[in-house]
Amino acid sequence: YNIYRSTNGSEYMLISNSKHLEFTDLNLEKGTSYSYVVSGVSTTGEGPKSTHSNSLLTAPKAPIITPLPSWEADRIYLRWNKVDTATNYFIYRLNPQKGSYIKVGSMNQHDTPVFAVLGLDPFTKYSFKVSALNSAGESLLSSSYSIITKPPPPKGLTAKIINDSTSIIQWDLLKGAISYNIYRFERHENNSTGASQKTIKRNWNSTIFVDNTLEKGKVYFYRVTVNF
């Protein structure tokens, strides 16, 4: 028998021959539909081709995760390429205790697949994999993607005016912190929008900072981030 294969249902290419009534096709592309026809061969030549088989869809290719920056301490965002023929995706996270990946979510096909993983611990390394699904089954898992969540913000931030040009800022000590960055916002007394955020100190090693660059008639706000 001659075995022919097609990916469009109209153009068939001879891929093999067999003396048996079955054939295993090992050279398939992921996420591709195939159909087959067969003809008998004798010493007088090749007979007519059979009617075509039903179309068989292979499982999709594995997604490729691309980096997205992490801006929050309790969540990360995963992004990957849109996989042809996929209808759904599964998201897996590494369980460090077991050394295996467990499913933590799923989503439908989308032009730009992005998935938010919530409820994470701050400043912690996580590893993820993603798979694609279609009617034929689930793809292999993607390559592992690892990311560290942002550190938590310092708590207990207070600011107190000492005089017309000076304020003192304090916050709670954050365990494991190497240093802090201090930012200031300002607004005019008439509540109009003032200057945008300004960095007034980087890599500060204390939880107390004296700002002696204030101007009269302005309202100030402060924000502090931590470096680990």
Side-chain angles (χ1 to χ4, degrees), residues 29-31 57-157 169-183 185 196-197 199-207 209 221-228:
E29 294 286 336
K30 294 180 174 64
L57 177 65
T58 57
K61 295 179 180 179
I64 300 173
I65 302 176
T66 55
L68 268 182
S70 174
W71 302 109
E72 299 172 84
D74 65 345
R75 67 194 64 187
I76 62 95
Y77 297 90
L78 296 174
R79 176 179 61 190
W80 56 90
N81 63 305
K82 180 181 178 181
V83 177
D84 290 342
T85 77
T87 56
N88 302 82
Y89 300 95
F90 285 162
I91 296 89
Y92 296 84
R93 187 175 76 197
L94 177 65
N95 183 327
Q97 287 74 33
K98 296 183 178 180
S100 58
Y101 284 81
I102 58 173
K103 188 169 71 174
V104 295
S106 63
M107 67 173 291
N108 295 332
Q109 176 66 289
H110 195 278
D111 286 341
T112 54
V114 175
F115 184 82
V117 185
L118 309 178
L120 304 179
D121 293 328
F123 202 55
T124 302
K125 182 179 179 179
Y126 291 93
S127 296
F128 297 90
K129 292 184 177 183
V130 176
S131 68
L133 290 88
N134 63 18
S135 58
E138 183 177 3
S139 73
L140 298 175
L141 297 184
S142 68
S143 297
S144 177
Y145 172 72
S146 297
I147 189 171
I148 299 176
T149 50
K150 289 292 183 182
K155 296 181 179 180
L157 178 64
I169 313 156
Q170 299 184 67
W171 56 91
D172 297 338
L173 178 68
L174 192 58
K175 184 179 179 180
I178 297 175
S179 61
Y180 302 91
N181 302 320
I182 304 162
Y183 304 88
F185 300 83
S196 59
Q197 175 179 293
T199 305
I200 58 175
K201 197 68 178 179
R202 286 192 178 276
N203 301 317
W204 186 247
N205 295 317
S206 172
T207 58
F209 179 78
F221 303 88
Y222 294 92
R223 186 169 72 93
V224 177
T225 61
V226 63
N227 302 313
F228 280 88

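Values below: every heavy atom of this structure, side chains too, minus hydrogens, waters and symmetry copies.
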Tell me, with the steps shown, if S206 and W204 meet side chain to side chain contact (heavy atoms under 4.5 Å, CB included).
CA-CA 6 Å; S206 172; W204 186 247; 3.5 Å; yes
Begin from the C-alpha positions of R93 and L120 and carry the test side chain to side chain contact (heavy atoms under 4.5 Å, CB included) through to its verdict.
CA-CA 11 Å; R93 187 175 76 197; L120 304 179; 3.3 Å; yes
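Looking at every heavy atom in both residues, P151 comes nearest to A73 through O-CB, 3.7 Å. Nearest heavy-atom pair across V83 and P63 is CG2-CA, 3.9 Å. Across every non-hydrogen atom of A136 and L57, the tightest pair is CB-O, 2.7 Å. In this structure, I178 and N205 approach most closely via the heavy-atom pair O-OD1, 3.4 Å.
Side-chain contact between V224 and F209 is absent, with no heavy-atom pair separated by less than 4.5 Å. Counting only heavy atoms from C-beta outward, the side chains of K61 and S139 never approach each other to under 4.5 Å.
Applying the ring-ring contact (aromatic ring centres under 6.0 Å, His included) test to F221 and every residue at least two apart in sequence or in another chain returns nothing. For E29, the side chain to side chain contact (heavy atoms under 4.5 Å, CB included) partners at least two apart in sequence or on another chain are T32, Y34. Here K82 pairs with D111 under the salt bridge (Lys or Arg N to Asp or Glu O under 4.0 Å) rule; sequence neighbours left out. Taking the salt bridge (Lys or Arg N to Asp or Glu O under 4.0 Å) definition, one finds that E72 meets it with R75, sequence neighbours left out. For K175, there are no side chain to side chain contact (heavy atoms under 4.5 Å, CB included) partners two or more places apart in sequence or in a different chain. Looking at residues two or more places apart in sequence or on another chain, you find a side chain to side chain contact (heavy atoms under 4.5 Å, CB included) between Y183 and N181, Q197, T199, R202, R223, T225. Not a single ring-ring contact (aromatic ring centres under 6.0 Å, His included) links Y222 to another residue, sequence neighbours left out. Partners of N88 according to the side chain to side chain contact (heavy atoms under 4.5 Å, CB included) rule, which considers only residues two or more places apart in sequence or in another chain, are N108, L133. Applying the side-chain hydrogen bond (donor to acceptor under 3.5 Å, both in side chains) rule to T207 yields no partners; only residues at least two apart in sequence or on another chain are considered.
Within the structure, salt bridge (charged side-chain N to carboxylate O under 4.0 Å, His left out) contacts touching residues 135-146 (residues at least two apart or in different chains) do not occur. Pairs passing the ring-ring contact (aromatic ring centres under 6.0 Å, His included) check and including a residue from residues 76-120, sequence neighbours excluded, read W80-Y89. Applying the side chain to side chain donor-acceptor pair (under 3.5 Å) test to every pair with at least one member in residues 116-128, sequence neighbours left out, gives these pairs: S127-S146.
Under the side-chain hydrogen bond (donor to acceptor under 3.5 Å, both in side chains) test applied with N134, the options T58, T85, T87 reduce to a single match, T85. The one candidate from L68, I147, L118 that meets the side-chain contact (heavy atoms from CB on, under 4.5 Å) condition with I76 is I147.
Separation of atoms CG (L174) and OH (Y180) is listed at 5.5 Å; rounding is to 0.5 Å. Between L140 atom CG and K129 atom NZ the span is 10.0 Å, to the nearest 0.5 Å. Rounded to the nearest 0.5 angstrom, I169 CD1 and K201 NZ are separated by 12.0 Å. Distance check: N95 CG to I102 CD1 gives 5.0 Å after rounding to the nearest 0.5 Å.
The backbone N or O of F123 lies less than 3.5 Å from a partner atom in the side chain of T149, making a donor-acceptor pair. Not a single donor-acceptor pair under 3.5 Å links the side chain of S142 to the backbone N or O of S131.
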